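Okay, so here's the structure we're looking at.
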2 protein chains.
Amino acid sequence: MITIDTIGQAYARLRGKHVLTPLLEYEHINDLVGGRVLFKAENLQRTGSFKFRGAYNKIASLDDRQRARGVVTFSSGNHAQGVAAAAKSFNIPATAVMPDDAPVLKIQNTRRLGAQVILYDRRTGDRRAIAENITQETGAIMVPPFDDEMVIAGQGTIGIEITEQLEAVRAPADILLCPAGGGGLIAGVSTATRALTPTLDVYCVEPEEFDDTCRSLKRGERVANEPGRTSICDAIVTQMPGELTFQINHANLSGGFAVSDQQVGSAVNELFEMTKLVVEPGGAVGFAALRSGALALNGRTAVVILSGGNVDLVQFRKNFDMEMRN
Amino acid sequence: MITIDTIGQAYARLRGKHVLTPLLEYEHINDLVGGRVLFKAENLQRTGSFKFRGAYNKIASLDDRQRARGVVTFSSGNHAQGVAAAAKSFNIPATAVMPDDAPVLKIQNTRRLGAQVILYDRRTGDRRAIAENITQETGAIMVPPFDDEMVIAGQGTIGIEITEQLEAVRAPADILLCPAGGGGLIAGVSTATRALTPTLDVYCVEPEEFDDTCRSLKRGERVANEPGRTSICDAIVTQMPGELTFQINHANLSGGFAVSDQQVGSAVNELFEMTKLVVEPGGAVGFAALRSGALALNGRTAVVILSGGNVDLVQFRKNFDMEMRN
């Protein structure tokens, strides 16, 4: 069970290890969207995304003997970096199974953090099977990207911080917009805010072709995305909601929004100029939902989680050029 | 006189009005430079640079009758935005005299914040004379960009915050690297840190062709830059140190470093990928000094002030392309 207590325990483990990322506000953006927007800047987290929180909590919760066996994970990139950094801080080995088309920056950073990276072909390989094979061969412990209680509880610490930060600036928020891939981040955050700020409506935001959580919420059961689709939001192109995460999100969320690649690209560029933050496409979907008019604030206050910033200059420039052509 | 007390008064005025910007650390950067680096992210300040602090403190310290007359300033862009935002929060009129080749983003933002912008030709006009003329015609109060006790005291609040933030992370710092244009920021910050953290060595960093403060420190008197030079660091291309700022900096600083446009361009790009922060060229000179080897840390701890982030996408892309060609 993931409760505010297990999230509180995760928060105690993380203190002094992670970055208490700021909650930032920009008058000009408030004027533009007709409400108040508070950005939780998780792109400034260790390894450039929220993923460090869940990975660290999982590894910290293992006993010494388990931990000594090392860890293994599968990830498109951000979770791999989070696991690598957390493993490094415990001085244990880590292996990450990553698609061979993952952003170069993410593969490089995972290696630089000391993890062994195993690349696979996204069209033919099964990343989970490859990772599970490694756990059987080496005895290493699996740190799944989302469908795990300790991982979800770690991501949920963002919900505690947001609540504390909203109190500090005396800003009661109405809405929280959070990216969803496998749904671990929003499952943890919504569990925390339901306990601490029950009036807050939590919505997921996803790429148009990968709106599995949105559609699953409507159907009341897990549905997968059409195969073969693409999106610039590499961090959140999961095929289907997790079992555990969907169960939580089904109970907690008020709904969801889908945004197009073009809306996301435009949001990344606007965030660059208006917030002075580098946000990767998958991290910018919440702001894209506000700017595209998918959700109108009408004077209300929204917290927008900017979940990561791992976009390299070449990828960023490509996005900029695409935007210029439109 | 600018003292820790007048800076403390400025801090009391600013509380709740400004952003308490984070002090950020990145393991990978520590490894790269062979020491510990803590970035004071003033690019996340209101209006995208530290300038809001000094402008707000100046305007807040006026009495109601003075303030009602409105304010006027001259600035290449960041100070103009700071004055415009501060004036807006007091609901008084502001006029900014800006060069006609200032970055478009800075002119747009100053106007958007409600200030009247008067453009002049940098080669033929005298911005101070134009601004002083306006004060005589309209009775508006001048908010100078650096040579003013209240402006310097406002910028100095960064020194108080840095001291508190270093204590919170238990990181005694050895060195502080701070950009210098007219020298107001570093004059205020060094006055605060001399009082609160006297062991900290404060160094200015400037563009190679605009190292007037560096050379003035060595000569013991104010010297000007050669006319007709250019730099990508538009925020800090002042012709000569201020009278008041130089007097303070001469007493407080341990020295200074100069960096080339190429080193700055490279620093801007590295900061994008490594810190997830958008930093304008003039704000990136401190990191450029570390990365170029102008200063070797040898295991010491440095605070680097990232003073602003007002670079637009077109300018950023130009910098990126220049870098790619090298």
Side-chain angles (χ1 to χ4, degrees), chain A residues 16 19-28 31-32 39 41-49 52 81 85 88-89 103-105 108-109 112-114 168-170 268-280 283 306 308-321 323-324, chain B residues 16 19-28 31-32 39 41-49 52 81 85 88-89 103-105 108-109 112-114 168-170 268-280 283 306 308-321 323-324:
Chain A
V19 179
L20 204 169
T21 55
L23 191 70
L24 296 165
E25 183 174 7
Y26 301 84
E27 290 157 281
H28 174 46
D31 293 345
L32 271 180
F39 292 103
E42 276 294 295
N43 59 332
L44 302 179
Q45 190 49 261
R46 276 180 75 174
T47 73
S49 90
F52 176 77
Q81 291 173 75
K88 191 183 172 197
S89 69
V104 176
L105 185 74
Q108 274 178 353
N109 286 347
R112 192 153 48 200
L113 287 161
V169 295
R170 288 190 213 93
V268 166
N269 286 339
E270 286 197 341
L271 288 167
F272 177 102
E273 287 197 341
M274 294 179 188
T275 69
K276 319 308 176 189
L277 294 172
V278 177
V279 184
E280 64 182 288
L306 304 173
N310 289 314
V311 54
D312 62 42
L313 284 162
V314 174
Q315 189 188 350
F316 181 81
R317 198 200 127 140
K318 213 182 283 175
N319 177 51
F320 174 70
D321 290 347
E323 175 79 3
M324 284 294 100
Chain B
V19 179
L20 204 169
T21 55
L23 190 70
L24 297 165
E25 183 174 7
Y26 302 84
E27 291 157 281
H28 175 45
D31 293 345
L32 271 180
F39 292 103
E42 276 294 296
N43 59 331
L44 302 178
Q45 190 49 263
R46 275 180 74 172
T47 73
S49 90
F52 176 77
Q81 290 173 76
K88 190 182 173 198
S89 68
V104 176
L105 184 74
Q108 274 178 352
N109 286 347
R112 191 152 51 199
L113 286 160
V169 294
R170 288 191 214 90
V268 166
N269 286 340
E270 286 197 342
L271 288 167
F272 177 102
E273 287 197 341
M274 294 180 188
T275 69
K276 320 307 177 192
L277 294 172
V278 177
V279 184
E280 65 181 287
L306 304 174
N310 289 316
V311 54
D312 62 44
L313 284 162
V314 174
Q315 189 188 352
F316 182 80
R317 197 200 127 141
K318 214 182 282 176
N319 177 50
F320 174 70
D321 290 348
E323 175 80 2
M324 284 293 102

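In what follows, chains carry the letters A, B, and so on, assigned in the order in which the sequence lines appear, proteins first and then strands, with residues in each chain numbered from 1. Just so it is clear, the values below take in all heavy atoms, side chains as well, and ignore hydrogens, waters and symmetry mates. Computed from a predicted structure; not experimentally measured.
Of the two parts of Thr275(A), only the backbone, made up of N, CA, C and O, holds a non-hydrogen atom closer than 4.5 Å to a non-hydrogen atom of chain B. Of the two parts of Arg170(B), neither the backbone nor the side chain holds a non-hydrogen atom closer than 4.5 Å to a non-hydrogen atom of chain A. Neither the backbone nor the side chain of Glu280(B) comes within contact range of chain A, judged by heavy atoms closer than 4.5 Å.
The distance from the CZ atom of Arg46(B) to the NE2 atom of His28(A) is 14.0 Å, given to the nearest 0.5 Å. Taking CD of Gln108(A) as the reference point, atom CD of Glu273(B) lies at 8.0 Å (rounded to 0.5 Å).
Ranking Val169(A), Leu20(A), Leu277(A), Thr21(A) against chain B, the residue ahead of the rest is Leu277(A), based on heavy-atom pairs under 4.5 Å. Of all the listed residues (Leu24(A), Leu44(A), Asp31(A)), the one sharing the greatest number of non-hydrogen pairs under 4.5 Å with chain B is Leu44(A).
When all heavy atoms are compared, the tightest approach of Phe272(A) to Val311(B) is CE2-O, 3.5 Å. Between Leu313(B) and Phe316(A), the shortest heavy-atom distance links the atoms CD2-CZ, 3.5 Å. The two residues Lys276(A) and Asn43(B) make their nearest non-hydrogen contact at CG-O, 3.2 Å.
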